Amino acid sequence: MNILSAVNITKTFGDKVLFDDITFTVNEKQRIGLIGVNGTGKSTLLKLLAGLETADRGKLVHANHFRVEYLPQNPEFDPNSTVLEQVFHGDTPLMKTLRDYELSLSELEQDPSSEKKQARLFAAQSRMDEQGAWEASTLAKTVLMKLGIREFDKAVGELSGGQRKRVAMARVLIQPADLLILDEPTNHIDNETAIWLEDFLSKWRGALLLVTHDRYFLERVTNRILELDGGRIYSYEGNYEAFLEKKAERMESQAASEDKRQNLLRRELAWLRRGAKARTTKQKARVQRAEELRDRKVDGPAEKLDMALAGSRLGKKVMELEDVTKAFPGGKTLLSGFSYIVMPKDRLGIIGPNGSGKSTLLNMLAGRILPDSGTIETGQTVKLAYYTQENTEMDEKMRVIDYIKEAAEVIRTSDGEAISASQMLERFLFSPNLQWSPIGKLSGGERRRLYLLRTLMGEPNVLLLDEPTNDLDIQTLTILEDYLDQFPGAVITVSHDRYFLDRTVTHLFAFDGNGRIEPYTGNYSEYLEEKQQQEEAEQARRELVKQASSNAGSSGAKQAAQNQNQASGAPAGSNRPKKLSFKEQKEWDEIEGTIAALEEKTASLKAGIEAAGSDFDKVRDLYEQEQQVNADLEAAMERWTYLSELVEEIERNKL
C-alpha cells in the first residue's frame with residue numbers, strides 16, 4: 001500500500017538544480033536506500049520528505065495522520081538536557097509520560113524523604129501503567145546501551161559528536177512512525193553496533209528510507225534502491241547487488257539509445273547540408289526534427305571521478321615502532337609496549353571500539369602527539385598524507401579554487417601529465433561554477449571530497465586514513481578503493497566500514513580497549529569469521545566443562561551413598577543403604593517445602609524486576625538475587641532427585 005507520494009518535485013539550490021520534476025512513491029514496509037554522488041541533493045530530499053524543507057514546485061501526498069521520524073547527519077540538541085530527556089523528546093502522550101516519570105524519579109532520588117515527590121512519582125508510575133509505557137522505557141535504555149551510551153543522566157553538551165549522533169538515533173528508533181528516515185546512520189558507530197542496527201531495522205514495522213555509504217548495510221537492510229543522478233531519480237527493486245546489476249543494464253540501454261540518436265542526427269544534418277529548401281510541409285517537418293534531435297536533453301555518460309594522482313618514491317624504511325606506550329591523562333592505557341615495522345607495501349587496517357586508541361595511534365604516526373614511552377622512527381623518504389576525521393582546517397569563507405591553489409597551482413598525475421588546480425577540481429567533479437563558490441556553501445560530502453583531493457595532491461607515499469568513508473558517497477569510495485589498489489606506498493586505515501576494509505587491507509590490528517592489540521593476517525570478514533569460530537569453540541568448551549562438573553557431582557553423590565551404606569552396616573558392594581540416615585530423613589521431610597519456598601521467591605523476584613521499570617540499580621540487584629535463588633533451586637531439585645531415588649530403592653529392598 002502506498003503511504004507517501006512525491007509528485008513532480010523540483011528543487012534548486014542557487015543556480016544548481018537538485019531535482020527536476022521527479023516523481024516516486026514509498027510503500028508500506030519498504031526498506032529504501034537512497035544513492036547518489038555527494039552534492040546531488042540526497043540530504044535535501046530527506047529533509048523535504050521529513051517536512052523540514054519545501055519544494056520549489058510539486059507536492060507530497062500522504063494520509064492525514066502520517067508520522068515521520070528523521071535522523072539528520074548532524075543533530076542539534078539543548079546542551080543542558082540529559083540523555084534521557086533528549087531520547088524521550090516529543091509531543092506524544094507516551095513521550096510526555098516517560099519524561100515526567102524520569103523527572104519524578106530523579107527529583108525523588110535527590111530528596112527521598114519528600115512526601116510530595118513520592119506522591120508525584122507514584123502518580124507518574126500509575127500513568128506508566130495505564131499507557132503501557134514500561135516497555136518503551138526499557139526499549140529506550142536497551143537501544144542506548146546497544147549504541148554505547150550508558151550514562152543516561154549525563155548532559156548532552158558533555159558528549160562527543162559521535163555520542164550525540166547515537167543519542168539522536170536512539171530517539172528516532174523508539175518512536176512509532178509510518179516512515180523512518182535515516183541520514184548516514186552508520187557514521188560514528190563500530191562494526192558490532194552496525195550489525196545490531198541491521199538486525200533492529202530488519203524488524204522495523206514501518207517503511208524505511210536511508211542514506212548510507214556502508215554497502216554491506218545496504219545489501220542486508222534494503223529491498224529497493226532510489227538513485228539521484230543529474231536531477232532525476234531512478235528506482236531499482238532489490239538490494240544493493242540488484243541495483244548494481246540493473247544500473248549496468250540501464251547505462252548500456254542509455255548508451256545504445258544515444259548512439260541511435262547520434263546516427264539519426266548525423267543523417268538529418270547531412271540532409272540539411274545538401275541544401276534542401278524548406279518549401280514544403282514535409283521538408284519543414286524534417287528541419288524541425290533535426291533541430292529537436294540536436295537540442296534534446298539526454299542522459300549521457302555520467303562524469304567520472306578521476307583520482308590518478310602521482311606519488312613519491314618510497315625507500316625501504318617507512319616507520320618503526322618499538323615498545324610504544326600511551327595512556328590517557330586519567331590513567332586508561334591505550335597502547336602498551338606496541339612494536340611493529342611498517343613495510344613499503346603494507347595495507348593495514350585498525351579496528352576496535354570507540355575510544356580504544358585507534359586515532360591516537362595515527363596521531364602518533366603523524367607526529368602530532370608523542371608516545372609516553374617507546375620510539376617511532378620515520379624513514380627519510382617518507383612523504384606523509386593524513387586524512388583526518390575532522391577537516392577542521394578548512395576556512396568556510398575561502399573559495400574552493402583558492403583552497404586547492406594554496407597547496408599547489410599545478411598537479412602532476414600518475415601518467416606524468418601536469419594539470420592546473422582548476423582541471424584537477426573538474427576531475428574531482430567540481431564544476432567551474434562550483435570552484436568559485438565559498439567552501440561554506442558545499443555539502444558535507446562535497447567538503448570531504450575536496451579535503452580528500454587536498455590530502456592526495458601532495459604526492460604522498462604513505463597514507464594515514466582516519467574513517468575515510470564518513471560522508472563520502474559510494475562512487476567516490478569505489479574510485480578511492482581502486483586508487484589504493486594502485487597506490488605505490490603504504491596505507492594505514494582506521495575504519496568501521498566493513499566493505500572498505502575488505503577491499504583495501506591485508507592485515508588488521510584489533511584494539512581491545514585495554515591497551516592490547518591483536519594482529520591478524522587477512523581482511524575484516526575473514527577476521528570476523530575466525531573470531532566467531534573461536535567464540536563458538538569457547539562456548540562448546542564451557543559446556544563440556546559444565547557437563548563434566550555435573551557428572552563429577554553425580555559420581556560424588558553415588559560415592560557418598562556407598563560410604564553411607566558401609567557406615568550403616570550395609571553389605572560391601574551394596575549400592576543403597578537399608579534406611580535413610582537421621583540427617584537424610586530430616587532433609588527428605590523438609591525438601592519439598594524448601595523447593596516450594598524457592599519457587600515462590602523466584603516468582604516474587606521476577607515480579608519485582610518487572611515493577612522496577614527503569615530503576616536500573618534496583619533491577620540489577622533483583623536480577624543478581626534471582627540468579628542466586630535459581631542456583632539454590634537447581635541444587636535443591638538435584639538433591640530431591642537423589643533422595644527420591646534412594647527412598648524408592650529402600651522401599652524395593654523391603655519387598
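Note that the numbering runs from 1 along the sequence shown for the chain. Computed from a prediction, not measured in an experiment: that's the story for all the values here. Values below: every heavy atom of this structure, side chains too, minus hydrogens, waters and symmetry copies.
Sorted by first then second residue, the salt bridge (charged side-chain N to carboxylate O under 4.0 Å, His left out) pairs that include residues 486-510, not counting sequence neighbours, are Glu198-Arg498, Asp214-Arg498, Glu481-Arg503, Asp482-Arg503, Asp485-Arg503. Applying the salt bridge (charged side-chain N to carboxylate O under 4.0 Å, His left out) test to every pair with at least one member in residues 149-162, sequence neighbours left out, gives these pairs: Glu151-Lys154. Legend: salt bridge (charged side-chain N to carboxylate O under 4.0 Å, His left out) pairs involving residues 314-332, not counting sequence neighbours, sorted by first then second residue: Lys317-Glu377, Lys326-Asp372. The stretch residues 504-516 participates, sequence neighbours left out, in these side-chain hydrogen bond (donor to acceptor under 3.5 Å, both in side chains) pairs: Asp512-Arg516.
With sequence neighbours excluded, no residue forms a salt bridge (charged side-chain N to carboxylate O under 4.0 Å, His left out) with Lys441. Qualifying side chain to side chain contact (heavy atoms under 4.5 Å, CB included) partners for Asp466, counting only residues two or more places apart in sequence or in other chains: Ser359, Leu362, Tyr386, Gln389, Val494. With sequence neighbours excluded, no residue satisfies ring-ring contact (aromatic ring centres under 6.0 Å, His included) with Phe13. Residues meeting the side chain to side chain donor-acceptor pair (under 3.5 Å) test with Arg164, sequence neighbours left out: none. In this structure Trp196 satisfies the ring-ring contact (aromatic ring centres under 6.0 Å, His included) test together with Phe200, sequence neighbours excluded. Partners of Tyr499 according to the ring-ring contact (aromatic ring centres under 6.0 Å, His included) rule, which considers only residues two or more places apart in sequence or in another chain, are Tyr216. Partners of Tyr236 under the ring-ring contact (aromatic ring centres under 6.0 Å, His included) rule, at least two apart in sequence or in another chain, are Phe243. Listed by chain and residue number, Arg541, Arg542 satisfy the salt bridge (charged side-chain N to carboxylate O under 4.0 Å, His left out) test with Glu538 (two or more places apart in sequence, or in another chain).
For Tyr451 and Tyr403, the ring centers sit 6.0 Å or farther from each other.
Considering only heavy atoms from C-beta on, Val318 comes within 4.5 Å of Val462 through its side chain.
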